[in-house]
Amino acid sequence: MHASCVKPVISRSLNKEKRLQLELFHTRQTHSILAIGSALRRPVMKKKQSSRLIKPFALTFSLSLFIAGCGGGGGSGSPDAAAPSAATVPGSASGTPTTPVATPAPSVQDPVPAFAPVLSWPVLPMPTEIADGSIVELQCGTVYQGTLDLQRKTNVTVKTSGTCGKAVLTVGQSVTGWTRHQGNVYSAPVSFNPAQVVIDAQPITLAHWPNRDQTWAKPTATSTGSLSYTMPNSDLAGATLVFRPFEWAIEQRKISAYADGMMTLAPSSDLNFDGYALGGTPDFYVEGKLWMLDEPGEWAVSGGRLYVWTPDGQSPEGRAWAAPDESGIDATNANGVAIEDVSIFGTANGIRAMGAVNLRVARTEIVNSSQNGILNSGGRGLAVDDTGIRNSRHDAIAVKWGGGGETITNSRIDRSGSIGMPTNAHAAINLPVGVGSQVRNNAVTNSGYIGIRFFRDATVSGNTVDGACLVLTDCGGLYSFAEDRLALNSRIDGNTIRNAGPAQRLAWGIFLDAYANSVTITNNHVSGNGNGMMIHNGYNHIVTGNTFSANRQAHIQMVESGSVGSTRNNAVSRNIFISTIGEESFRISSDFGTGSVAQFGTYDFNDYASASAIFANFNGEALDFAQWKSRTGQDGSSTVKAP
C-alpha cells in the first residue's frame, strides 16, 4: 500500500510464501496445541460572536427510539469489573443479556452513555445554508432527520444546546403500520430503500442464504464475472453475492441475472471492499431477497414493503427503525469542522468526511452505522476524543488513504465489523498510512478484524483491545507493516491486548507484518490470544517490559520468508512469560534455515514461568529451556521456574 495512491486497494500483505511457512511450521510441532444509544425546540445556528436563528419545520411523526448502552462496558461501567458485562435488549422475550461487552480500559472513565426510551421527542429536519464560521446549536431532547451538509465548510462547530439529552441526528425513521405476512413474518409500507433495519435499538440481518448456522456455500465454478451454483430459488437478480477470496478479506458483487445455474455479476466500486477478483471456489452466500427470509432476526424489502421476522417473533410495531444508505453528517472536503456532544443514530456513515482536514469529534455517540462510524479517507488531522462508536458494519474510524496527525483518545469502540453476516473490515481504528498518529487510552472491543492499525511515527498507548479477529483471520489486535522497508519509529506502550482470535492459528495480540521495523513494544499485557506477538520479516524492534500469558500457541513468533533474509536485530529483554496451557515461549522459523533463525535477535533478562513441555520451537526443533540456551547462546541472565 502506498500513500501516493488516490484510491489504493488496501491489500493484506500476508503473502502466499508466509502463509505456507506458517502452515509448514505448524505441522512441524511435536505436540498438540490447545486450540481455545417535551417540547418542540429550534436549532440555533450562529456565527462565532454573532447570532443567527434558523426556524425549523416540525415533522409530524414521533420517534420511538432506544439507543442501547455501547462501547467497552455495560452494567456499572466500572473499569475494574472482573468479568464482561452485557446490555439487555428491550423487548426481548427472555430479558436475558444479548450483547456481550468487554471490560473497558482502566483509563476510560465511563462506558458509552445509554439513552432512555424516548417516545415523543420532536423530530425536525436538519438545518441548512450553514455559513463558514458558524456555531450550529442543536436543541437538546430533539431528533434531527436527514443529512447535515457541511461539505467544503470551514470552521463550523455543531453541538447540543441544553442539558435535556444530546440532540440525535439520523437519516432513518420509525416504521409503523405492521401486519402479519405469514407465520412470524410481518410487513409494513416503506417509502425508501432501507440499508439497515433496527429492532429495539439492535440491527437485524438482511435475509440471506444459506442460513447462519451454515453461513457459507461452495460454488461449482467461477469466473471474474460469474459464479455457478444450483440455487434453491432462481429469484436472484438484484441480490448481492458475498464471497471470501482470502482468510483476511470478504468481497461482494451485485447479481444482475441468474440462469441455468449461473449468477452474472456486476462490477463493484464500494470503498469498504478491496476489489479482489472472483476466482477459484471461494466460500459465498447471497442476500437481499424475500424468499431468503426464513429465520428470526432477518429483514427484506419487496414491492415497497419491509418484511421483518423479529428476534422474538413478535410484531415490530413501536420498536422498528429503518434507514437509507445516507450519512448523518457529510463533511467532505471540509476544514476545521467540530462535532461536539451529539448522538448520531442509524446512518450509513455516521460522519462522512472524505478529504476533510482537522475534523474534531468530541463527546459524541455514533450508533448503528451500516458502513463506518467516521470516514476520513484522504483527509488529515482527525481528532476524536471521549466518543463512543458502536455497531459499525465495517470500520469505526477509517482513514483508508492519506491521513496523518490523527489523535484518537479516551474513546469506546464496540462491534465494528462483527455485526450481522460476515463482511469485510480493515480495523476498528484504521490508520494504515497516516504518519504521526496518537492512539491513546481507548477501549476497542469485539472487532471483526484488526483492533488498531497504525503506521509511521505513531504512539499506541494505554489502550485495551479486547476481542479482535472475530470474523476474519490472519489478523492482530494491533497491526502495522512497512512494505517500503523504511523505519516506522513507532511505540506500542502500556496496552492490554486480549482475546484476539483465541481459537485461531493466524491471530496475534500484536502483529508486526511485512518488514515492519524500528518499533518499541514495551509495558504491554498480552494474554488469551491465538498467539502473543508476530514479527514477520521484521527488524530493529525492541521488545521489553511486557507480560505475555495464556496465548494459546506461542507468546512470540518470528517468521522470515521471501527471497532475502531480513529478520535481524530484534531485542527481547526484561519481559515476563507465563505459560500454563502448553504454549511455547518462542516459535521462530526461516525459509533460510537455522543459521538465519539464530540471527533474528537477542534474548536476555527475561523471566519465564512455564509448565509447557516445549519452551521454544526453533525452526521446527522442539527445545526445553536448557536446550534453548545451549542452542542459541541466549537468555544467559534470564530465569525460569514453574508457574
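Values below: every heavy atom of this structure, side chains too, minus hydrogens, waters and symmetry copies.
A donor and an acceptor atom, one from each side chain of N424 and N272, are nowhere located under 3.5 Å apart. With 3.5 Å as the limit, one finds a donor-acceptor pair spanning the side chains of H536 and D513. Remark: the N517 side chain and the N540 side chain contain no N/O donor-acceptor pair separated by less than 3.5 Å. If you check the side chains of T639 and D607, you find a donor sitting under 3.5 Å from an acceptor. Side-chain contact of S561 with D591: a donor-acceptor pair under 3.5 Å is absent, judged by distance alone. T445 and D466 share no side-chain donor-acceptor pair at under 3.5 Å.
Counting only distance, with no hydrogens or angles, the side chain of D624 and the backbone of A626 share a donor-acceptor pair below 3.5 Å. Counting only distance, with no hydrogens or angles, the side chain of T522 and the backbone of T544 share a donor-acceptor pair below 3.5 Å. The main-chain N or O of E583 is never found under 3.5 Å from a side-chain atom of R552 such that the two would form a donor-acceptor pair. Between the side chain of N546 and the backbone N or O of V526, no donor-acceptor pair lies under 3.5 Å. Here the side chain of N524 pairs a donor or acceptor atom with the backbone of N495 at under 3.5 angstrom. Between the side chain of Q634 and the backbone N or O of Y603, at least one donor-acceptor pair lies under 3.5 Å. With hydrogens and angles disregarded, a donor-acceptor distance shorter than 3.5 Å links the side chain of N368 to the backbone of A201.
We find the CD1-CD1 distance between I429 and I413 to be 4.0 Å, quoted to the nearest 0.5 Å.
Using a cutoff of 4.0 Å between basic side-chain nitrogens and carboxylate oxygens, D395 and R453 are not scored as salt-bridged. Salt-bridge formation is not detected for the pair D386/R363: no Lys NZ or Arg NE/NH1/NH2 atom is positioned less than 4.0 Å from an Asp or Glu carboxylate oxygen.
By the 4.5 Å heavy-atom criterion applied to side chains, L623 and E621 are counted as neighbours. Under the 4.5 Å side-chain criterion, counting only non-hydrogen atoms from C-beta, I510 is in contact with L478. By the 4.5 Å heavy-atom criterion applied to side chains, N531 and F511 are not counted as neighbours. Counting heavy atoms from C-beta on, the side chains of R212 and Y285 never come closer than 4.5 Å. Between S579 and H555, the closest side-chain pair of non-hydrogen atoms falls below 4.5 Å. Annotation: side chain of R568 is in contact with side chain of E560 (closest heavy-atom distance under 4.5 Å). Looking at Q504 and C469, their side chains come closer than 4.5 Å, going by heavy atoms from C-beta outward. Between R498 and T464 the shortest side-chain heavy-atom distance falls below 4.5 Å.
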**Asked** How far apart are the C-alpha atoms of N441 and T409, what are their side-chain angles, what is the distance that settles it, and do they pass the side-chain hydrogen bond (donor to acceptor under 3.5 Å, both in side chains) test?
**Response** CA-CA 6 Å; N441 302 333; T409 55; over 6 Å; no
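Between Y479 and Y449, the distance separating the two ring centers is not shorter than 6.0 angstrom.
Under the 30°/60° scheme for interplanar angles, the aromatic rings of Y608 and F586 are found to stand perpendicular.
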